[in-house]
Amino acid sequence: MHIDYAIVLGYLVLMLGIGVYYRRFAGKNLDNYFLAGRSVPGWLNGVSYSAALVSADAACGYGGLATVTGAFVCWWYLSRFALALFVGAVLFAVFWRRLGLFTSLEFYELRFAGRPAAMMRLWIAFRTSCIAMPAWTGVTLLAACKIMEPVAGMSKTTTLLWVVPVSFLYVFMAGYKGVVISNLVQMAVFTLGTLAVALLTLIHFGGPTALAARLAAELGPAGVEMTRVTPPIEHEVFPLAAALAWLIGQTVGYGGDAAPMGGAVEGQRILSTRSPREAVTMYVVTAATMFLFVLLVSLPCVAAPLLWPQLRSEGFDRELAYGMLMKQMLPSGLLGLAVAGMLAGVMSTVSDNLNFGSQVMLSDLYQRWIKPAASQAHYMAAGKVCLAIILAMALLVVYRVQLLFKVAVFMLQLSAAELPANWAQWWWWRFNGKARLAASFGGAAIFCIVVLGSEALVAAGLVQQSQVPPWWWQTFIVMGLTTALWVTVALLTEPESDEILDRFYARVQPLGSWGPVRRRVRFGALQAETPAATAHYGASPVQTVAL
Amino acid sequence: MSGEWKLILDGFVIAASGAAASMLYIVSASAGYVGKFTVAFSSLAVAAALTVAFFRWLQPYLNALDAREAASTAKAAVENDGAPANTASTQRAQQD
């Protein structure tokens, strides 16, 4: 047991060392502190983004699901993220990076004008820094407690004392550079620890074929179903229709949003890369590594019901499965490594959320609305205060305020309504600020009517539950109605001014329907072009574009 | 279909190939873990082929996006100074 504690302590000291090492670099200016000087290689940002997305809550959540689904649990995350991340990579990463913003939320005041733009930026900034980041951070810390309790018998407070001070200190000192470097170390430790659990579980059951045979022998048809690698058409927890709905529902609109609730730190990852192409690499590496990390924590749990059959019964907390498996499978030494791996997963998510949340709170709330003109030193200090505020709110989630988490989940569901608008703001010049507001707030109203309204009708006994469409059909209905709303609003209201549209087009050259704006920008340029310059290229700029 | 929308459609096809590759490599590992070795190896083979296709298609696609930007950068320079800017991206556009 002493060696386990020594490994965990060694890991924590290493994290603090990284914080101290990058302290001077981070302290130079805001770009260094929040974007690591915009010099991060794409692959490193990709690993870091995976680290932000995968934590102990993945081990609890996906591990628990694997005990009731089986090997096809992988579709739970593949359907949600695979196509979405690659669409973000190929169709949007380059354009976001070209904008060269400090936070992705500045997008709204570039693309739209006046009050709608300011309202959107304020709303997303508030949603991100005051609700989403504290809620997700709190949930991650709660998941850490769920792992550490069965493994080490640690109370909630003891677990937090191991995780929170170190996470806070190295982000406080080293900013985003410290986050990405520590993420790399953390994910290496996480991979080693989780790989050990996966392999030792397999060895315990005598290998893959023996594991499948035991599942079939002890759990019957349910055990055979657990060895499927695609979701069955009929399944109580995860049918094929749910996977397809997620695939479409998560992909439509992905990449075009400034701060999606589920992956708000994405903008920071793109804007801190060295170049637009590195931003593409970031997404590709994220997909490859994140799926591997989730696979490593979910697959071993397929075998867990063989050891604890109660995991598949109603009322038992199946999210304890991964922690129980760690305790059962790992010898001393490896247990310390696995615990350090789990702590690494937790700390990476916590540090990412703190750093990004404080960046948004500082830039899009404090600097934009409260104190627009102050010195760099002032904003550096204010950024660190924001960091402490978000951490304090996250701790409230852990101990008392479950409401914040419920609000965050509710708003994540709400945001599904506006997804198609996220592509429209990039690909359709006619999409304006009022249409954006209609998508974000009108979509929320439509969600409440369709989803909450049908729940109210069931509760009142006016409609039977079986008459209500399943959640995936409700999602498509909400998305369809919201799209009809914002298209109507866009067509019935004035487009953005020529000045706003021309400035945006000239800065990014977005794809899609920008015909009138494109012609105007090109005509302006052609008018200014001299004959000598035309001869120099040997072709008109229009031909050059066609090439 | 205009060239702009064709670029978007091409982007979707390339993204789908990358996504399918990443899905299949995870399916391959999942199948291997529960003893379905035929599924595991065939998924891995298709994943490898799709990975190669993804990267072969991605580079020309990103070059096309760069060329669009280079053309605009050159025009902006002409507009501002009356002479083309001598940047790496405009040189690439010249070569194209």
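Naming: A, B, ... by sequence-line order, numbering from 1 per chain.
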Pairs of heavy atoms under 4.5 Å with chain B: top-ranked of A:Leu295, A:Leu83, A:Val87, A:Leu202: A:Leu202

Residue A:Phe95 versus chain B: region with a heavy atom under 4.5 Å: side chain

Under 4.5 Å from a heavy atom of chain B, the part of A:Tyr283 involved: neither

Which atoms of B:Val27 approach chain A - backbone, side chain, both or neither, heavy atom under 4.5 Å: both

Between B:Gly32, B:Ala15, B:Ala31, B:Ala29, the one whose heavy-atom pairs under 4.5 Å with chain A are most numerous: B:Ala15

Which atoms of A:Val280 approach chain B - backbone, side chain, both or neither, heavy atom under 4.5 Å: side chain

Atom of B:Lys36, atom of A:Arg228 and distance for their closest heavy-atom approach: NZ-CA, 3.8 Å

Side chain / backbone / both / neither for A:Leu85 at chain B, heavy atoms under 4.5 Å: neither

Over 12 foreign heavy atoms within 6.0 Å of CZ, B:Phe41: no

Exercise: identify the closest heavy-atom pair between A:Leu247 and B:Met23: CD1-CE, 3.8 Å

Side chains of B:Ile8 and A:Trp426 in contact at under 4.5 Å (non-hydrogen atoms): no

Heavy-atom contact with chain A under 4.5 Å, split by part of B:Leu58: side chain

CA sep, side-chain torsions, deciding dist, call: A:Trp427, B:Glu4, side-chain contact (heavy atoms from CB on, under 4.5 Å): CA-CA 9 Å; A:Trp427 291 344; B:Glu4 292 291 308; over 6 Å; no

Verdict with supporting geometry, A:Phe86 and B:Ser22, side-chain contact (heavy atoms from CB on, under 4.5 Å): CA-CA 10 Å; A:Phe86 277 91; B:Ser22 66; 3.6 Å; yes

Residue pair B:Trp5, A:Ser513: steps toward the side-chain contact (heavy atoms from CB on, under 4.5 Å) verdict: CA-CA 8 Å; B:Trp5 283 100; A:Ser513 290; 2.9 Å; yes

Residue pair A:Val284, B:Phe55: steps toward the side-chain contact (heavy atoms from CB on, under 4.5 Å) verdict: CA-CA 10 Å; A:Val284 175; B:Phe55 284 109; 4.1 Å; yes

Side chain, backbone, both or neither of A:Pro510 within contact of chain B (heavy atoms, under 4.5 Å): backbone

Exam field: side chain B:Tyr61 to backbone A:Leu91, donor-acceptor pair closer than 3.5 Å: no

Under 4.5 Å from a heavy atom of chain B, the part of A:Leu211 involved: side chain

Aromatic centroids of A:Trp423 and B:Phe12 separated by under 6.0 Å: yes

Between A:Phe291 and B:Tyr25, ring centroids under 6.0 Å: no

Test item: A:Pro208 and B:Phe37 side chains (from C-beta on) under 4.5 Å apart, heavy atoms: yes

Choice from A:Val229, A:Leu78, A:Leu215 maximising heavy atom contacts with chain B below 4.5 Å: A:Leu78

Sidechain-backbone polar pair: B:Tyr33 side chain, A:Ala198 backbone, donor-acceptor under 3.5 Å: yes

Validation row: A:Cys74, B:Ile26 side chains within 4.5 angstrom (heavy atoms): yes

B:Gln59 CD: over 12 foreign heavy atoms closer than 6.0 Å: yes

Largest heavy-atom contact set with chain A, pairs under 4.5 Å, which of B:Leu65, B:Ile14, B:Asp10: B:Leu65

Best-contacting candidate, A:Gly207, A:Gly70, A:Ala82, against chain B by heavy atom pairs under 4.5 angstrom: A:Ala82

